[in-house]
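Please read the structure below before turning to the comments.
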Amino acid sequence: TAKFTEGQSKDNVYATRAEGALAKLEPVADALTSRTGKVGEALGGVTLGLSREMMQTDEFQVAKNAGDEFLQAILRKDTGAAITTDEQALYGVTYLPQPGDGEAVLTAKREARARALEAIRAGMNVQQLEAVARADQAAIARLAAQDRAGASQGATTAQPPARATEMSDDEYLKSLGLE
């Protein structure tokens with residue numbers, strides 16, 4: 001197992017979190033353009049008998065959660081400091097779909113999210129990229145085991161992100177031009 005510097009270890013964490021968040025976010029990202037969902041977000045608690053959750057679809061809530069995780073990984077990498085509410089809001093407008101965004105803006109933001117992740121990865125060596133891929137696969141395996149345990153008790157199973165299930169580590173590194 002390779003030894004990483006503190007900076008390399010942090011980059012591994014940021015890349016792992018950002019990549020996992022994007023896998024969850026991309027299929028439902030456009031749900032963030034919901035005006036009703038944004039109003040529900042602004043409510044915070046219960047107002048006039050309406051809770052945030054009553055005004056947000058499951059897709060909006062998943063997209064919001066994944067978007068926040070992505071932003072936090074990128075912000076920590078960019079600033080190295082505690083994340084302020086203002087920074088989170090600024091990055092949110094930059095990277096995440098918002099009500100009123102047109103198709104060109106949504107496309108530009110999707111590209112910006114991919115570019116932000118690739119910018120982290122560009123500074124990583126092969127051993128780091130391999131560590132990130134292993135972490136991704138370990139997380140998926142852990143969830144699959146939990147899902148199997150839950151399924152035996154009648155719960156539903158979640159599907160892992162396509163990239164992790166359809167490519168080996170070597171294939172993934174090759175797709176990045178690193179092998």
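This is a predicted model, so every value here is computed, not measured.
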dist Ile74:CD1 -> Tyr14:OH (nearest 0.5 Å) comes out at 10.5 Å
| said: Please evaluate residues Thr57 and Thr36 with respect to the criterion side-chain contact (heavy atoms from CB on, under 4.5 Å), reporting the C-alpha separation (whole Å), side-chain torsions for both, the decisive distance (0.1 Å), and the verdict. | reply: CA-CA 9 Å; Thr57 64; Thr36 305; over 6 Å; no
CZ (Arg17) and CD1 (Ile120) are apart, to the nearest 0.5 Å, by 10.0 Å
One should read off an interatomic distance between Gln88 CD and Leu71 CG, to the nearest 0.5 angstrom, of 5.0 Å
Following the transitive rule for hydrophobic clusters with a side-chain heavy-atom cut-off under 4.5 Å over Ile, Leu, Val, Met, Phe, Trp and Tyr, establish whether Val13 and Leu25 coincide in one cluster. no
Under a 4.5 Å cut-off applied to non-hydrogen side-chain atoms, are Thr33 and Gln98 in contact?
-> no
Item to check | Any side-chain donor near an acceptor of the partner, Asp11 and Gln128, under 3.5 Å | outcome: no
Shortest non-hydrogen pair, Pro97 vs Ala29, comes out as CG-O, 3.4 Å
ask   = Salt-bridged, Glu69 to Lys24, with N to O below 4.0 Å?
value = no
In this structure, CG of Asp101 is separated from CG of Leu106 (nearest 0.5 Å) by 5.0 Å
Q: Taking the side chain as every heavy atom from C-beta outward, state whether Val126 and Glu130 have any atom pair closer than 4.5 Å.
A: yes
- Check whether Phe60 and Leu22 end up in the same hydrophobic cluster, where Ile, Leu, Val, Met, Phe, Trp and Tyr are linked by side-chain heavy atoms less than 4.5 Å apart. yes
Inspect the contact between Arg121 and Glu118 and indicate whether a charged nitrogen and a carboxylate oxygen are less than 4.0 angstrom apart. yes
Notebook entry, point to check: Do Lys38 and Gln56 touch side chain to side chain, with heavy atoms closer than 4.5 Å?
Noted result: no
Q | Side chain to side chain, Lys10 and Arg76, heavy atoms closer than 4.5 Å | A | no
Any heavy-atom pair between the side chains of Gln127 and Gln8 that's under 4.5 Å? no
Looking only at heavy atoms, the pair that brings Thr94 and Lys109 closest together is O-CG, 3.4 Å
For Pro99 and Leu32, the nearest pair of non-hydrogen atoms, with its separation, is CD-O, 3.7 Å
Q. So do the side chains of Leu96 and Lys64 get within less than 4.5 Å of each other, counting heavy atoms only?
A. no
Inset, instruction - Could you check if a side-chain atom of Val28 sits within less than 4.5 angstrom of a side-chain atom of Asp58, using non-hydrogen atoms only? - result: no
Correct closest heavy-atom pair for Ala15 and Leu117 would be O-CD1, 3.8 Å
With sequence neighbours left out, the residues meeting ring pair (Phe, Tyr, Trp, His ring centres under 6.0 Å) with Tyr95 are Phe70, Tyr91
Note to self: Is any side-chain heavy atom of Thr84 closer than 4.5 Å to one of Glu87?
What the structure shows: yes
